[in-house]
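In this text the structure is predicted, and so the values were computed from the model without any measurement. Position 1 is the first residue of the sequence, and the numbers go up from there.
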Amino acid sequence: MAMPLRQSIKVATYLMEQKLRRREKFPLIVELEPLFACNLACEGCGKIQHPAGVLKQRMPVAQAVGAVLESGAPMVSIAGGEPLMHPQIDEIVRQLVARKKYVFLCTNAMLMRKKMEKFTPSPYFAFAVHIDGLRERHDESVAKEGVFDEAVAAMKEAKRRGFRVTTNSTFFNTDTPQTVIEVLNYLNDDLKVDEMMISPAYAYEKAPDQEHFLGVEQTRELFKKTFAGGNRARWRLNHSPLFLDFLEGKADFPCTAWAIPNYSLFGWQRPCYLMSDGYVPTYRQLIEETDWDKYGRGKDPRCANCMAHCGYEPTAVLATMGSLKESLRAARETISGNR
């Protein structure tokens, strides 16, 4: 696990505070979507399927920051749409960083070099670039040539300027262990990004391409073979060891989607980033008025093949905190990843 030591300590302290307060449900990281518009039309994403009037909307800075503060989460993942299209995205980031929230700005990187001067390097801020494969594979997934090369150039420039750079890679049933290994080797060894997140493609209802999402057994087989030969220990993966165990079928967990809530132009989304069963205006309403027990694999058919980190990483983190053995294991990997 490659999470910076300072961040690991803050998150661990936060989790301990929740335990001492006997809070059963609390946010670990907020998925903030200040807009739905995007400059790409990826096959596996359904955000730009919203009506034109919705795509023109931009969330006010005070609303975006206020939602994060309302939740109390220590970390924020700003997505969309493409957040760099928001005219005040730098101010949103600045205000969150000023409050010592760890901010990950998720981007396809097409505007990253152009907008980079608006941001300041900070241990509380990172560009999180979406990379789904090497050049041909990535460009095919985003339906546009040249995106991979621009993303690589942007990441190199960001690293040169002193920014933290992370990546987020989604893998589909068209991937093989070799294609996954190739892209993670490139990101880890050649580009030397600070952290990498990985996720099996989730069955997102509005996505144009419904044929290439992974099933549970396909996911386990893919990552079991991908992690073989010591790769898992060598890569700077920004995941808890138990979540990686989960991906390759060594462990299983219930979904805790309440720990990574989604806030967008419509409000707090029930129950998670991937499914929309309505919206509520406050975080408290989301937690208290949602029937969380009816969601997850084996409960809701829409969840049958989901192994996405937005539902299961929090469960793995909480399981880690509840076990001395797993806590020590995670601490060892954190220290090893920060050498």
Side-chain angles (χ1 to χ4, degrees), residues 11 14-15 17-36 45-47 49-50 54 57-81 83 86 92 95-96 99 101-106 199 202-206 243 253-304 306-319 321:
V11 172
Y14 169 80
L15 292 173
E17 289 174 353
Q18 309 314 305
K19 185 175 182 179
L20 293 174
R21 293 177 181 177
R22 300 181 184 276
R23 294 180 66 187
E24 293 184 2
K25 293 181 174 63
F26 48 85
L28 187 60
I29 181 170
V30 169
E31 293 274 1
L32 177 66
E33 295 179 316
L35 80 172
F36 293 129
C45 175
K47 294 298 179 179
Q49 307 304 316
H50 288 291
V54 174
Q57 295 180 29
R58 305 291 183 263
M59 186 182 293
V61 174
Q63 181 181 345
V65 175
V68 176
L69 297 182
E70 176 198 1
S71 75
M75 300 181 288
V76 187
S77 174
I78 305 179
H86 193 296
I92 294 175
Q95 290 196 25
L96 290 172
R99 290 166 172 81
K101 302 293 184 182
Y102 283 93
V103 180
F104 298 86
L105 194 154
C106 302
S199 183
Y202 30 75
Y204 189 53
E205 290 180 306
K206 293 183 179 180
F243 179 71
F253 300 112
C255 174
T256 49
W258 46 262
I260 305 186
N262 174 269
Y263 184 78
S264 71
L265 294 164
F266 300 143
W268 295 98
Q269 180 172 320
R270 288 190 178 124
C272 67
Y273 172 77
L274 305 175
M275 292 163 50
S276 180
D277 283 354
Y279 300 83
V280 291
T282 69
Y283 174 73
R284 183 172 180 176
Q285 285 177 275
L286 175 73
I287 294 301
E288 295 181 356
E289 299 177 10
T290 303
D291 185 0
W292 298 101
D293 291 336
K294 73 178 186 180
Y295 296 105
R297 283 186 288 115
K299 298 178 179 180
D300 189 313
R302 295 172 297 177
C303 305
C306 180
M307 294 182 71
H309 57 79
C310 63
Y312 295 96
E313 178 79 82
T315 328
V317 170
L318 294 173
M321 292 295 294

- Under the side-chain contact (heavy atoms from CB on, under 4.5 Å) rule, what do I260 and Y273 come out as? Steps first, then yes or no, please. CA-CA 8 Å; I260 305 186; Y273 172 77; over 6 Å; no
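Side-chain atoms of H86 never come within 3.5 Å of backbone atoms of L35 as a donor-acceptor pair (strictly under, hydrogens ignored). With hydrogens and angles disregarded, a donor-acceptor distance shorter than 3.5 Å links the side chain of Q269 to the backbone of M275. Side-chain N or O atoms of E70 include one that pairs as donor or acceptor with a backbone N or O of Y283 at under 3.5 Å. Here the side chain of S199 pairs no donor or acceptor atom with the backbone of A308 at under 3.5 angstrom. Judged by distance alone, the side chain of K299 and the main-chain N or O of D293 form a donor-acceptor pair under 3.5 Å.
Atom CG in L28 sits 12.5 Å away from atom SG in C310 (nearest 0.5 Å). Residue E24 holds its CD atom at 11.0 Å from CD1 of I287, rounded to the nearest 0.5 Å. Within the model, atoms CE of M59 and CZ of F266 stand 10.0 Å from one another, a figure rounded to the nearest 0.5 Å. Annotation: the span from F243 atom CZ to T315 atom OG1 amounts to 9.0 Å, rounded to 0.5 Å.
A cation-pi arrangement is present between R297 and Y312 under the rule of less than 6.0 angstrom and at most 45 degrees off the ring axis.
Salt-bridge annotation for R302 and D277: present, with a side-chain N of the basic residue lying under 4.0 Å from a carboxylate O of the acidic one.
Of all the heavy atoms in P27 and P74, the pair that sits closest is O-CD, 3.9 Å. The heavy-atom pair separating A319 from F253 by the smallest distance is CB-CE2, 4.0 Å.
The side chain to side chain contact (heavy atoms under 4.5 Å, CB included) test with Y263 singles out one residue from Q63, E31, E33, and that residue is Q63.
Ring planes of F26 and Y14: perpendicular class, angle over 60° (limits at 30 and 60°).
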